[in-house]
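Data first, discussion second: the structure below is written as structure tokens.
All ligand and atom numbering here is 1-based and tracks the order in the structure. If you're wondering where the values come from, they're calculated on a predicted model, not measured in any experiment.
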Amino acid sequence: MKKLTIRARVTIWYTLLLCVLLFCIIWSIQVTSRAVIKGELYEDIAFFVEKNAEEVEWDDGEIEIDDDFKIRENGMVCLVYGKEGELLAGKLPSDMIVDYPFADGQEINFPARGREYYLFDKEVRLEEGHSVWLRGLIYDRETERVLEASVESVFLVLPLFLAAAAFGGYFIIKQAFKPIETMICTVEEINAGSDLSKRIPVEGGKDEVYRLAINFNEMIKRLETEFEVEKQFTSNVSHELRTPVTVILTQCEIALEDSELSEEEREAFEVIRRQAHRMTQMIAQFLMLTRLEQGVEEIRKEKTDLKELVEQVCAEKQRLETGKPILCMELFQDIETYVNREMVSRLLFNLLDNACKYGKDGGRVFVSLKEQEGEIRLSVRDEGEGIPEEAREKIWNRFYQAKHRPDAGLAGGIGLGLFMVKEIARLHGGRVELESESGKGSTFTFCLKRE
Ligand code: ADP
């Protein structure tokens with residue numbers, strides 16, 4: 001049920017409710033009509049018996065029944081019984097079985113041979129202590145049949161009525177939800193393209209949806225402003241940092257060329273050089289990120305020998321990872337295609353960087369490049385801990401770090417690597433697949449359609 005839309009759920013609920021209400025109404029109408037009809041039948045038979053009672057007299061030591069006494073009338077029958085229960089006048093219809101003891105004014109209904117009939121007794125006291133019993137009988141005048149027929153016809157039209165109510169209701173709810181649908185579409189568009197300049201179209205009115213849309217637009221506006229400030233800040237800081245870090249790096253290179261350095265001094269300069277290099281990478285990452293987000297980074301694709309590019313990036317990474325996991329080139333095919341060299345280098349570098357950071361100590365990192373079913377597949381596999389199931393969706397988000405490594409210092413990263421990988425793949429019209437097994441490692445594959 002939860003998988004259904006609100007529209008469908010509301011329609012189902014109110015149709016069910018309508019069904020239950022209709023059943024209750026039909027049932028109560030049936031009960032009341034039966035009670036009313038029954039009341040009328042009792043009134044008729046009581047009146048008939050009372051009238052006949054006036055026609056029974058005691059005359060000269062005998063019971064005398066006047067001519068006005070009516071044994072049958074309008075489907076009613078009146079019988080006269082003596083004190084001992086012997087029938088004095090009238091004839092019991094063959095389909096009636098009445099062996100009830102007499103009781104003054106008793107009203108009983110009898111189901112007999114598929115039909116119901118009602119009974120009314122009255123004791124008529126005559127002179128000299130004599131008395132007779134009058135018993136009135138009346139058939140139920142087709143009450144059940146009429147009621148059943150009406151219920152049947154109600155049940156025939158009920159499905160049509162319910163279908164009309166369900167369709168009508170669904171249509172009304174759909175109309176009512178239209179502004180919400182529009183909101184969802186806009187939010188989805190914002191989400192898909194990360195375009196915070198979009199707004200939910202707001203039409204007049206002061207209803208709840210209007211207020212929600214206004215507040216939502218306000219919220220997006222604030223987010224947009226804050227993101228702009230943050231982007232501008234990142235961009236400025238990165239630009240400002242680039243020059244001093246480059247100077248540090250250059251000075252380190254120069255210092256390391258000095259052959260008179262002691263072992264300790266050389267080690268210290270090596271450390272500075274490595275970290276300055278990492279900072280350069282981070283700054284480059286930040287700058288590319290701001291360019292990507294500002295939409296400045298136009299995809300300028302050029303014909304590229306992918307094998308050569310991958311080998312270059314791997315060699316550079318291997319040079320930086322002195323003594324760390326060894327890069328293994330598993331399968332390399334000669335592939336030429338159109339890509340943005342700088343971006344794809346960044347993508348691969350980030351994947352290799354993660355494989356080295358989160359791979360097994362002393363373990364290896366496997367890189368493969370192949371073409372399969374019209375798709376170029378560039379994979380980086382490590383032998384690390386793997387990525388927990390619950391983190392696999394989130395690792396692609398900006399600044400998300402599933403496993404923070406405070407010990408790693410700058411090498412620990414800032415949670416931007418995979419976000420950029422995903423963005424670069426998206427801008428190339430490709431995707432990144434992840435396979436990960438706990439304790440065995442992870443494989444990230446950049447898949448790109450052959451151009
Ligand atoms: P960073 O490496 O700077 O933390 P990333 O965006 O590159 O940020 O990665 C996000 C998170 O994904 C990392 O913090 C890490 O926990 C996890 N991750 C990425 N690559 C791997 C990998 N190869 N093996 C295990 N975990 C990984």
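A salt bridge is absent between E224 and K221; no separation between the charged side-chain nitrogens and carboxylate oxygens falls under 4.0 Å.
Every atom of ligand 1 with a heavy atom of Y400 under 4.0 Å away is listed here by number and element: 10 (C), 11 (C). Within ligand 1, the atoms closer than 4.0 Å to a non-hydrogen atom of S442 are 24 (N), numbered from 1 in the order shown. Against a heavy-atom cut-off of under 4.0 Å, G417 is close to the following atoms of ligand 1: 5 (P), 6 (O), 7 (O).
Using modelled atom types, no side-chain atom of Y118 and backbone atom of G136 make a donor-acceptor pair closer than 3.5 Å.
Sorted by first and then second residue, the ring-ring contact (aromatic ring centres under 6.0 Å, His included) pairs with a member in residues 423-451 read W396-F444; sequence neighbours excluded. Screening residues 236-272 for ring-ring contact (aromatic ring centres under 6.0 Å, His included), with sequence neighbours left out, gives no hits.
The two residues E371 and Q333 come nearest to each other via the heavy atoms N-OE1, 2.8 Å.
Within the 4.0 Å heavy-atom criterion, the part of L416 lying near ligand 1 is the backbone and not the side chain. Heavy atoms of L418 found under 4.0 angstrom from ligand 1 belong to the backbone as well as the side chain. With a 4.0 Å heavy-atom cut-off, ligand 1 is reached by the side chain of K357 but not by its N, CA, C or O.
Annotation: D382 places an N or O atom under 3.5 Å from an N or O atom of ligand 1; distance criterion only.
In this structure, F444 is part of the shell of residues with a heavy atom less than 4.0 angstrom from ligand 1. Proximity of G415 to ligand 1 is established by a heavy-atom distance of less than 4.0 Å.
The option with the heavy atom closest to atom 17 (C) of ligand 1, from among N354, I395, T443, V421, is I395. Distances from atom 14 (O) of ligand 1 to the heavy atoms of Q401, M282, M420 show the closest one on Q401.
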Next item on the list: Under the salt bridge (Lys or Arg N to Asp or Glu O under 4.0 Å) rule, what do D382 and K357 come out as? Steps first, then yes or no, please.
Entry: CA-CA 10 Å; D382 63 64; K357 273 192 299 191; over 6 Å; no
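Ring centroid separation for the pair F155 and F23 comes in under the 6.0 Å cut-off.
Looking at E265 and S262, their side chains do bring a donor and an acceptor atom within 3.5 Å of each other.
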